[in-house]
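In what follows, a structure is listed as structure tokens, so that the remarks can point back to it.
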Amino acid sequence: MKKKQVAFSVIQECLQKDLEEVKVLLEKATRKRVRDALIAEKSKIETEMKNKMQQKSQRKAELTENEKPAAVVAPITTGYTVKISNYGWDQSDKFVKIYITLPGVHQVPAESVQVNFTERSFDLLVKNLNGKSYSMIVNNLLKPISVEGSSKKVKTDTVLILCRKKAENTRWDYLTQVEKECKEKEKPSYDTETDPSEGLMNVLKKIYEDGDDDMKRTINKAWVESREKQAKGDTDF
């Protein structure tokens, strides 16, 4: 590298001397032809000197860039994925709104919070939040939604998912079809076309079958007493 610098300095010195000599000759020249030739030579030397200076500056910049330490890129660690099970939801005439609480979620880059929608589902993925990823998948929504009209919003410590109802001004009693089926299974079945007492008997039967020995004795006792009262009432009548 030092040899190149010395050679460059020698070239620059020679060009500078040539330029000075041409200037001296130009001052003494009187004939137009000679002056034109000297002016052209002067311009040629000055251009060459300028190019050499630019080459020197470029080499210096390259050397400085090469001497810079390579940037250290910290690896992004996402750790394991946590399944989100706690959430809240409500609705308006146009949207079903799902609220997911994730402390610090508003501080991650926007592209780290991703939500994909289909007509009957959505899935949420939050990447690299405090060294972990968070995932939530909801399938079999109770009713169809508009994929284009659905979106997400990230607020302080909260992700808000907005599912646009395909049928506006309709009420969702449940978020998913599965939730609806589970809740309906828990309800005692009543047939409006049958005797109300039959529906009551079905409820008592279910309680009796699911109950322990004490519960069964209590129901048996109540049943016997009820039958005795009915029989007594019939006699009095």
Quick check on [X]: does its [atom1] atom have over 12 non-hydrogen neighbours (other residues, nucleotides or ligands) under 6.0 Å away?
X	atom1	value
Glu21	CD	no
Asn86	CG	no
Lys180	NZ	no

Under 4.5 Å between any side-chain heavy atoms of [X] and [Y], yes or no?
X	Y	result
Asp93	Glu168	no
Met53	Met49	no
Arg164	Lys94	yes

- request: List in chain and number order the residues that pass salt bridge (Lys or Arg N to Asp or Glu O under 4.0 Å) with Asp90, two or more places apart in sequence or in another chain; answer none if no residue qualifies.
  value: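 Residues passing salt bridge (Lys or Arg N to Asp or Glu O under 4.0 Å) with Asp90: none at all.
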field: salt bridge (Lys or Arg N to Asp or Glu O under 4.0 Å) partners for Glu41, two or more places apart
entry: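 Expected list: none.
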Taking the side chain from [X] and the backbone from [Y], do they hold a donor-acceptor pair closer than 3.5 Å?
X	Y	value
Ser112	Val126	no
Ser43	Ile39	no
Arg120	Leu142	yes
Lys143	Arg171	yes

task: Would you please test Val82 and Tyr80 for side chain to side chain contact (heavy atoms under 4.5 Å, CB included) and show each step?
output: CA-CA 7 Å; Val82 179; Tyr80 58 91; 3.6 Å; yes
If I take atom [atom1] from residue [X] and atom [atom2] from residue [Y], how far apart are they, to the nearest 0.5 angstrom?
X	Y	atom1	atom2	result
Thr118	Asp123	OG1	CG	8.5 Å
Lys23	Glu20	NZ	CD	7.5 Å
Thr170	Lys165	OG1	NZ	5.0 Å

Steps toward side chain to side chain contact (heavy atoms under 4.5 Å, CB included) verdict (Val105, Val154): CA-CA 7 Å; Val105 69; Val154 178; 4.2 Å; yes
Would you name the heavy atoms of [X] and [Y] that are closest together and state the gap between them?
X	Y	answer
Ser133	Leu125	CB-CD1, 4.5 Å
Pro103	Asn130	O-ND2, 3.8 Å
Phe117	Cys163	CE2-SG, 4.1 Å
Asn139	Thr176	O-CG2, 3.7 Å
Gln91	Trp172	NE2-O, 2.6 Å

- prompt: Is Lys50 paired with Glu46 through a side-chain N to carboxylate O contact shorter than 4.0 Å?
  reply: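 Salt bridge flag = no for Lys50 with Glu46.
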task: Decide side chain to side chain contact (heavy atoms under 4.5 Å, CB included) for Ile98 and Phe122; before the verdict, give the C-alpha distance in whole Å, the side-chain angles of both, and the deciding distance to 0.1 Å.
output: CA-CA 11 Å; Ile98 298 92; Phe122 69 85; 4.0 Å; yes
- prompt: Given Lys152, which of Leu160, Val113, Ile100 fulfils the side-chain contact (heavy atoms from CB on, under 4.5 Å) condition?
  reply: Val113
message: Name the residue from Leu124, Leu175, Val159 that meets the side-chain contact (heavy atoms from CB on, under 4.5 Å) definition with Tyr87.
response: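 Of Leu124, Leu175, Val159, side-chain contact (heavy atoms from CB on, under 4.5 Å) with Tyr87 is met by Leu175 alone.
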message: Checking Ile161 against Val138 for the side chain to side chain contact (heavy atoms under 4.5 Å, CB included) test, could you report, in this order, the C-alpha distance in whole Å, the side-chain angles of both residues, the deciding distance, and whether it holds?
response: CA-CA 11 Å; Ile161 297 176; Val138 176; over 6 Å; no
